[in-house]
Amino acid sequence: MVMSEQIESYLDSLFDKDADLERVLEGIRERGMPEISIAPGYGRLLTLLVALTKARNVLEIGALGGYSGICLMRGMTGEGRLTSLELREDYAAFAGSNLAAAGYGERAETIVGDASATLEKLAVEGRRFDFFFIDADKENYPNYLEQAIRLARPGAVIAADNTLLRGRTVNPDKMGPSVLAMREFNRRIAQDPRLTGAHLPAYDGLALAMVK
């Protein structure tokens, strides 16, 4: 039986190396940052989804080095804007520099601070978004989902990475707070009547939902 890792590696090998994304990954390694950027295949999927939905205002929760930000920006038209939320100022600065190097600096903003507090502020300001990407602290995924729905225009798409937590989500012996939160998040993606949802099992899992 062919293992999923072999399938993923084979499919990824069909695509040429990407200079902008490789620069992000190299910079992450050099700085000793966590090497947890979205998988290449899902990065390409984000670009496709943003383009297909014609999203003009995208909100990203968790910027890290800017890998997913570049993927999201590539799907937008010339008027599209990306708002990224990042807890750490040094990560935000690095992500911003990578977005600028890729040619998106003028259409991307990064807000530094606690994401939950920032999301509340955005709601008070009346901000609305067409597309959301969640890739941050896992214990807050249910909260981020609820806040994304609150900030969503009808038909907006919500994507979230790492929903399998390297197998811990489906292991009944694992009962840590991140695992429990992710199970609740995954259940809501499947069952919340405000959403039309789906789960993709490749890499480390990706949840997709459309706000009705």
What verdict does the salt bridge (Lys or Arg N to Asp or Glu O under 4.0 Å) test give for Asp135 and Lys138, after you've listed the backbone C-alpha separation in whole Å, the side-chain angles of each residue and the deciding distance to 0.1 Å?
CA-CA 8 Å; Asp135 191 8; Lys138 309 313 174 189; 3.2 Å; yes
Of all heavy-atom pairs linking Ile189 and Ala209, the shortest is CD1-CB, 3.9 Å
Do Arg88 and Tyr91 meet the cation-pi criteria used here (NZ or CZ under 6.0 Å from the six-membered ring centre, within 45° of the axis)? yes
Could you please spell out the steps behind the side chain to side chain contact (heavy atoms under 4.5 Å, CB included) verdict for Ile38 and Tyr67? CA-CA 7 Å; Ile38 191 170; Tyr67 189 109; 3.6 Å; yes
- Would you check if there is a donor-acceptor pair between the side chains of Ser68 and Glu60 at a distance under 3.5 Å? yes
Shortest non-hydrogen pair, Arg188 vs Pro142, comes out as NH1-O, 3.4 Å
**Study point:** Asn98 side-chain N/O to Gly66 backbone N/O, donor-acceptor pair under 3.5 Å
**Key:** no
_Count I, L, V, M, F, W, Y as connected when their side-chain heavy atoms are under 4.5 Å apart, and connections chain through other members. Are Leu87 and Leu85 then in the same cluster?_
no
Practice prompt. Starting from the C-alpha separation in whole Å, work towards a yes-or-no answer on salt bridge (Lys or Arg N to Asp or Glu O under 4.0 Å) for Arg187 and Glu184.
Written response: CA-CA 5 Å; Arg187 185 193 66 79; Glu184 174 62 15; 2.8 Å; yes
(request) Using a strict 4.0 Å threshold on nitrogen-to-oxygen distance, state whether Glu26 and Arg31 make a salt bridge. (result) no
*salt bridge (Lys or Arg N to Asp or Glu O under 4.0 Å) between Arg194 and Glu146, worked out*: CA-CA 10 Å; Arg194 298 169 295 177; Glu146 191 63 34; 2.9 Å; yes
Check whether any side-chain N or O of Asn162 sits under 3.5 Å from a backbone N or O of Leu165 as a donor-acceptor pair, and report yes or no.
no
Under a 3.5 Å distance rule, please check whether Lys212 uses its side chain to pair with a backbone N or O of Pro193 as donor and acceptor. yes
- Message: Quick one: does any side-chain atom of Thr169 pair with a main-chain N or O of Thr163 as donor and acceptor, under 3.5 Å?
- Response: yes
Exercise. Would you say the side chain of Met76 lies within less than 4.5 Å of the side chain of Leu82, judging by non-hydrogen atoms?
Worked result: yes
Closest non-hydrogen atoms of Thr53 and Val50, given as atom of the first, atom of the second and distance, are OG1-O, 3.2 Å
Step by step, would you call Thr83 with Glu109 a side chain to side chain donor-acceptor pair (under 3.5 Å)? CA-CA 5 Å; Thr83 300; Glu109 66 169 332; 2.8 Å; yes
Original post:
Thr47 side chain to Cys71 main-chain N or O, any donor-acceptor pair under 3.5 Å?
Top reply: yes
Those residues at least two apart in sequence (or on a different chain) that pass salt bridge (Lys or Arg N to Asp or Glu O under 4.0 Å) with Asp204 are none
- Task: Could you please spell out the steps behind the side chain to side chain contact (heavy atoms under 4.5 Å, CB included) verdict for Phe131 and Leu49?
- Result: CA-CA 9 Å; Phe131 197 101; Leu49 289 172; 3.7 Å; yes
query: Any donor-acceptor pair under 3.5 Å linking the side chain of Asp130 with the backbone of Arg56?
result: yes
Cation-pi geometry met for Arg153 and Phe129 (6.0 Å, 45°): no
field: hydrophobic_cluster_shared for Ile28 and Leu99, side chain cutoff 4.5 Å
entry: yes
### Query
Could you walk me through whether Met73 and Arg81 pass the side chain to side chain contact (heavy atoms under 4.5 Å, CB included) check?
CA-CA 8 Å; Met73 290 296 308; Arg81 296 193 61 82; over 6 Å; no
query: Honestly curious: do Met210 and Phe132 fall in one hydrophobic cluster under the side-chain, below-4.5 Å linking rule?
result: no
When every non-hydrogen atom of Glu139 is compared with those of Ala181, the smallest separation belongs to O-CB, 3.5 Å
request  = Taking Ser97 for its side chain and Phe94 for its backbone only, find out whether a donor-acceptor pair lies under 3.5 Å.
outcome  = yes
- Message: Using salt bridge (Lys or Arg N to Asp or Glu O under 4.0 Å), reason through Asp173 and Arg168 one step at a time and then give a plain yes or no.
- Response: CA-CA 8 Å; Asp173 295 328; Arg168 287 183 289 145; over 6 Å; no
Find out if a path of hydrophobic residues (ILVMFWY) with successive side-chain heavy-atom gaps under 4.5 Å connects Phe133 to Phe185. no
Would you confirm whether His199, through its side chain, and Asn186, through its main-chain N or O, come within 3.5 Å as a donor-acceptor pair?
yes
Exercise for review: Please answer whether the main-chain N or O of Asn143 pairs with a side-chain N or O of Asn140 as donor and acceptor at a distance below 3.5 Å.
Suggested key: no
Do Arg128 and Asn57 come close enough that some side-chain heavy atom pair is under 4.5 Å? no
Value for OG (Ser84) from CG (Leu72), rounded to nearest 0.5 Å, stands at 7.5 Å
- Query: Is the backbone N or O of Ser116 less than 3.5 Å from a side-chain atom of Gln147, with the two atoms forming a donor-acceptor pair by type?
  - Reply: yes
- Query: With side chains defined as the heavy atoms from C-beta onward, is the minimum distance between Asn171 and Val179 less than 4.5 Å?
  - Reply: no
Side-chain heavy atoms nearer than 4.5 Å, only ILVMFWY residues, links allowed to pass through others: does that put Ile134 and Leu122 together?
yes
Contacts of Tyr144 meeting ring pair (Phe, Tyr, Trp, His ring centres under 6.0 Å) (sequence neighbours excluded), chain-then-number -> none
In terms of heavy-atom contacts, Ala95 and Leu64 come closest through CB-O, 3.5 Å
Here the pair of heavy atoms bringing Asp12 nearest to Gly41 is OD1-N, 3.7 Å
Rounded to the nearest 0.5 Å, the CG atom of Leu200 sits from the CG atom of Asp161 at a distance of 10.5 Å
**CD/Glu125: more than 12 non-hydrogen atoms of other groups inside 6.0 Å** = yes
Separation between OG (Ser13) and CG (Leu11), nearest 0.5 Å, reads 7.5 Å
Residues at least two apart in sequence or cross-chain that pass ring pair (Phe, Tyr, Trp, His ring centres under 6.0 Å) with Tyr42, listed by chain then number, are Tyr203
Problem set entry | Close side-chain approach of Ile158 and Val211, heavy atoms under 4.5 Å | yes
- Query: After noting the C-alpha distance and the side-chain angles of Arg74 and Asp20, does the key distance pass the side chain to side chain contact (heavy atoms under 4.5 Å, CB included) rule?
  - Reply: CA-CA 11 Å; Arg74 285 177 173 174; Asp20 288 325; 3.4 Å; yes
**Report entry** Residue pair Leu195 / Leu145, side-chain heavy-atom distance below 4.5 Å
**Finding:** yes
